[in-house]
Amino acid sequence: MSGESVMWDAVKKAMELLEDTALEPIIDKGEPSGLNQRRASFPLLNGDSPSKCKMSSSDGIDFRKLRASMYGRVISWINESVDKTFEEIHTFKEMKIENVRLVFRNGKKKPPVGTLYLTTTHLIFVDAESRKETWITLPHIGQVIKLPLSTVGAPLQIRCKTFLSVTFIIVKERDCHDLYVSLTSLCQPVHIEGLYCFHYTPSRSLIRRSLGWYQFDIQAEYQRFGVPNQYWSLTNLNKDYELCDTYPKYLYAPSGASSAVIIGSSKFRSKGRFPVLSYLHSNGAALCRCSQPLSGFSARCLEDEQLMASILQANPRTRFMYVVDTRPRINAMANRAAGKGYENEAHYSDIKFMFFGIENIHVMRSSLNKLSETCELKDPSINTFLNGLQSCGWLRHIKAILDTSHWVATSMEEGFTVLVHCSDGWDRTAQVCAIAALLLDPFYRTIHGFQALIEKEWLAFGHKFTDRCGFLQTSDSKEISPVFGQFLDCIWQLTRQFPTAFQFSEKYLIMMHDYLYSCQYGTFIGNCEKDRVDLRVSERTYSLWGFVSANINDFLNPFYLNDKENQILRPDLSPSNIQFWRGLYCRFDSGIESVEPVNDIALSLQDQTASLQDHVKFLKKRIISLAGMLGSKKEEGIVPEQNGVSSSVMRLSKLTVKEDTKKLDVDSVFHSECDPFSKSQLETELNSVAVTWKNIGETTECPSCQTPFSQSVTKVSSTD
């Protein structure tokens, strides 16, 4: 934990105290703006002593004593924070517990007995008999539950955010309690700089820290679909994140909207998230996003209305535009009582307003919890499982997101501009805009295009990953919700309907889900772009995209076809086509090892086929060379291949099977001057090409270096 982070936490507490007082510090002329202005307003926070702080006076208040008291409290907070941080760092000791039983959630396998190790980043179980290792990354742990004591020991259940659920039975209750206390403190650090990514170093030093951080450029992405142009232009009003701190610094707005209009609209929108361009279709239809207006029951904003009119004018092919509120109507109406709400069609000309029924984060969190409980049932009947799946409502929510996204994409394909928002514009809005763009643009269905889509719609436009994923102990449990996980589920639904339209496989989506919660890479750290800039994650952490680039072949879809038929996806969203994603939610049904996706096996077979084809070509060349060495006709006399076999090969085969053929001195042939290859070199090359293959599920180690594969060493953490 850095001292800078600790100091800043204490400073924030001091600022809160000072803001609560009725005292008004005297500011000199030439005061700075923004955050610097706020700091300058409090001399105590700039290192000045209490005697230098000029306070306004009133009767009956001893400001000198008050200043000294407040200064003392600031120093006390700083010392307490520093002491607590160093105590967390230096008091932790790695644990080793022997004779531990590992019980799987289905209870079908005999529980292995082994040793349990706890490090600062992982929980590792080593089977005493097979020496098989099971790794669990600590940030993956969602719940640690102490179960009632049994006759064999103290059970401790670990429920992970990756849908892994295991129980460790520990002989001594004291060891179980110590492990419980350590896990509850280590799986969620107090400060954001205590996350795994700030301390992680990959095992392969060939991966540079900068790899992946600079491959996405938001300006280049907008240029890809023709922006800026005569209708849309770049605005620099948010270059220092002053207009909206949860938006990116580079924003694109209608060319006809003035700076005053944009600023006025920002003040009228929740969190300052005014309407901006998200995606531009080739037909001129624009996809825009924002947050709900602060309209209440009757409020209006002329600047916001002018900005909406400018968005409509940026698409001259249509006379109206759609405004999509992704919330259920009743939720939007309830927000009006809090001074928020939705656009009044009477105040906005030429718009058509639409409600869609995507539930809020609280409903989605509850739904996922019920889904997890259903998946963890021991030996459920078909009725029990299906009833649990229906009651959790998860598939209904997935369908609602896909329905909304499909409607938006269809409207844009027809040439209409669409503006999407929810409450604050960083959850449901991100889901709908990202999926709609993916349906329209085949680039977003490639590996690098999908990364660009996430960078733009989720990271740049401020999805609150730290809060929604609950990375920290200080995270509000009511803010946690599987918003991004739902997005990945929706993409998986589309890959099932269009198996040849996506360059990436199911493994790519699962990997992204797991690394999101592992906090191993800095890509998803922070709640917005500004947070990541302030934390300097590109300088201090590794990027997930760098890992993908180094292992891109592992995530390819063997059935991918980049053809014109898949330019625009039109999914069938009837209820029977919305499927349960067993590969994610029930992948550990057979134990600690995840179920191997079919696409992985197909990709392996594809690689094997390509290698065999190369081997055939290799053998043909060698046979031709050998035929020449054995006295065959000149190379120019070789006729073209017939049925895949060259005439020289046929002649060589006849030569070797004739009984009266004179025995040749093969060694002398290999060492002849006309042979560019020695006998030993030829044997080495022939042996280096794989000829026999095993099923990928039966392979336990690398045949060349004996490195164990996932079947013998399981790292549930998905670490390098």
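Starting from 1, each residue takes its place in the sequence as its number.
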Looking at Lys172, I want to see if its NZ is surrounded by more than 12 non-hydrogen atoms of other residues, nucleotides or ligands under 6.0 Å.
no

Could you give me the CA-CA distance, side-chain angles and deciding distance for Thr541 and Ile525, then say whether side chain to side chain contact (heavy atoms under 4.5 Å, CB included) is met?
CA-CA 10 Å; Thr541 70; Ile525 303 303; over 6 Å; no

Worked verdict on Glu506 versus Trp581 for side chain to side chain donor-acceptor pair (under 3.5 Å):
CA-CA 10 Å; Glu506 176 187 19; Trp581 191 3; 2.7 Å; yes

Atom CG of Asp424 and atom SG of Cys422: how far apart are they, to the nearest 0.5 Å?
7.0 Å

Assess the pair His122 and Trp135: is the distance between their ring centroids shorter than 6.0 Å?
yes

Whether Asn360 side chain and Val363 backbone form a donor-acceptor pair below 3.5 Å:
yes

Is there a donor-acceptor contact under 3.5 Å from the side chain of His140 to the main chain of Asp514?
yes

Between the side chain of Arg496 and the main-chain N/O of Gln579, is any donor-acceptor distance below 3.5 Å?
no

Mind checking what makes side chain to side chain donor-acceptor pair (under 3.5 Å) contact with Gln188, not counting sequence neighbours?
none

Ile97, Val103, Leu123 screened by side-chain contact (heavy atoms from CB on, under 4.5 Å) with Phe168, the one that passes
Leu123

Looking at Tyr560 versus Phe502, is the centre-to-centre ring distance below 6.0 Å?
no

Are Asp127 and Arg131 within salt-bridge range, i.e. N to O under 4.0 Å?
no

Atom pairs and distances, donor-acceptor, side-chain atoms in residues 480-490, under 3.5 Å, two or more places apart:
{"residue": "Ser481", "atom": "OG", "partner": "Ile361", "partner atom": "O", "Å": "3.0"}
{"residue": "Gln486", "atom": "OE1", "partner": "Gln431", "partner atom": "NE2", "Å": "3.2"}
{"residue": "Asp489", "atom": "OD1", "partner": "Gln493", "partner atom": "NE2", "Å": "3.1"}
{"residue": "Asp489", "atom": "OD2", "partner": "Trp394", "partner atom": "NE1", "Å": "3.1"}
{"residue": "Asp489", "atom": "OD2", "partner": "Tyr585", "partner atom": "OH", "Å": "2.6"}

If you define the side chain from C-beta out and look only at heavy atoms, does anything of Leu494 sit under 4.5 Å from Ile435?
yes

Considering all heavy atoms, the nearest Thr162-Arg587 contact:
O-NH2, 3.2 Å

Compare every heavy atom of Asn99 with every heavy atom of Val171, then report the nearest pair and how far apart it is.
CG2-O, 3.4 Å

Give a yes or no on this: more than 12 heavy atoms of other residues, nucleotides or ligands lie within 6.0 Å of atom CZ of Arg101.
no

Do NZ/NE/NH1/NH2 and the carboxylate oxygens of Lys464 and Asp427 come within less than 4.0 Å?
no

Residues Tyr444 and Gly449: closest non-hydrogen pair is CD2-O, 3.3 Å

One pair to check against side chain to side chain contact (heavy atoms under 4.5 Å, CB included): Ser505 and Leu556. What are the steps and the verdict?
CA-CA 6 Å; Ser505 63; Leu556 294 175; over 6 Å; no

Fit a plane to each ring of Phe465 and Trp458, take the angle between them on a 0 to 90° scale, and name the class: parallel (under 30°), tilted (30 to 60°) or perpendicular (over 60°).
tilted

From Phe547, Phe524, Tyr200, residue fulfilling ring pair (Phe, Tyr, Trp, His ring centres under 6.0 Å) relative to Tyr515:
Phe547

Quick check for you: to the nearest 0.5 Å, what is the distance between Arg396 atom CZ and Ile578 atom CD1?
13.0 Å

For the side chain of Thr429 and the backbone of Trp426, is there at least one donor-acceptor N/O pair under 3.5 Å apart?
no

Separation between CG of Leu118 and CD1 of Ile124, rounded to the nearest 0.5 Å
9.0 Å

Would you call Arg209-Glu539 a salt bridge at under 4.0 Å N-O?
no

All ring-ring contact (aromatic ring centres under 6.0 Å, His included) counterparts of Trp213, not counting sequence neighbours
none

Please enumerate all residues that pass side chain to side chain contact (heavy atoms under 4.5 Å, CB included) together with Thr474, with sequence neighbours excluded.
Val190, Leu472

State, to 0.1 Å, how close Tyr508 and Ile447 come at their nearest heavy-atom pair, and which atoms those are.
OH-O, 3.4 Å

Taken in chain and number order and not counting sequence neighbours, the residues that satisfy ring-ring contact (aromatic ring centres under 6.0 Å, His included) with Phe471 are none

Residue pair Arg159, Glu376: steps toward the salt bridge (charged side-chain N to carboxylate O under 4.0 Å, His left out) verdict
CA-CA 10 Å; Arg159 298 182 66 189; Glu376 292 178 11; 3.2 Å; yes

Heavy atoms of Asn557 and Pro499 approach each other most closely as ND2-O, 2.7 Å

Could you give me the CA-CA distance, side-chain angles and deciding distance for Glu173 and Lys146, then say whether salt bridge (charged side-chain N to carboxylate O under 4.0 Å, His left out) is met?
CA-CA 10 Å; Glu173 197 278 335; Lys146 291 179 66 176; 3.6 Å; yes

To the closest 0.5 Å, what do you measure between CD (Glu193) and CG (Leu195)?
9.5 Å

Within the 4.5 Å heavy-atom criterion, are Tyr214 and Ser538 side-chain neighbours or not?
yes

Quick one: closest heavy-atom pair of Lys370 and Cys392, and the distance?
CB-CB, 3.6 Å

Rounded at 0.5 Å granularity, tell me how far OG1 in Thr121 sits from CG in Leu138.
6.5 Å

Between Arg365 and Lys478, is there a donor-acceptor pair closer than 3.5 Å when you use the side chain of the first and the backbone of the second?
yes

Side chain to side chain contact (heavy atoms under 4.5 Å, CB included) for Leu156 and Ile145? Distances and angles first, verdict last.
CA-CA 6 Å; Leu156 189 68; Ile145 305 172; over 6 Å; no

Is the shortest side-chain heavy-atom distance between Met511 and Phe555 below 4.5 Å?
yes

Step through the shown structure and confirm whether more than 12 heavy atoms of other residues, nucleotides or ligands are within 6.0 Å of CD on Gln473.
yes

Using modelled atom types only, decide if a donor and an acceptor are shared between the side chain of Ser182 and the backbone of Leu179 within a distance under 3.5 Å.
no

Determine whether Ser165 and Gln157 satisfy the following criterion, side chain to side chain donor-acceptor pair (under 3.5 Å), listing intermediate values before the conclusion.
CA-CA 7 Å; Ser165 179; Gln157 184 182 16; 3.3 Å; yes

Determine, for Lys96 against Glu98, whether the closest basic-nitrogen to carboxylate-oxygen distance falls under 4.0 angstrom.
yes

Taking ring pair (Phe, Tyr, Trp, His ring centres under 6.0 Å) as the cut-off, I'd like each qualifying pair that reaches into residues 169-189, sequence neighbours left out, listed once.
none

Side-chain donor/acceptor of Arg540 to backbone N/O of Leu535, under 3.5 Å
yes

Is a donor on one side and an acceptor on the other found under 3.5 Å between the side chain of Thr384 and the backbone of Pro380?
no

Could you tell me the separation between the CD1 atom of Ile141 and the OG atom of Ser518, rounded to the nearest 0.5 Å?
12.5 Å

Under the criterion side chain to side chain contact (heavy atoms under 4.5 Å, CB included), I'd like the reasoning laid out for Phe461 against Glu529: C-alpha separation, chi angles, the key distance, then a yes or no.
CA-CA 7 Å; Phe461 278 106; Glu529 181 179 283; over 6 Å; no

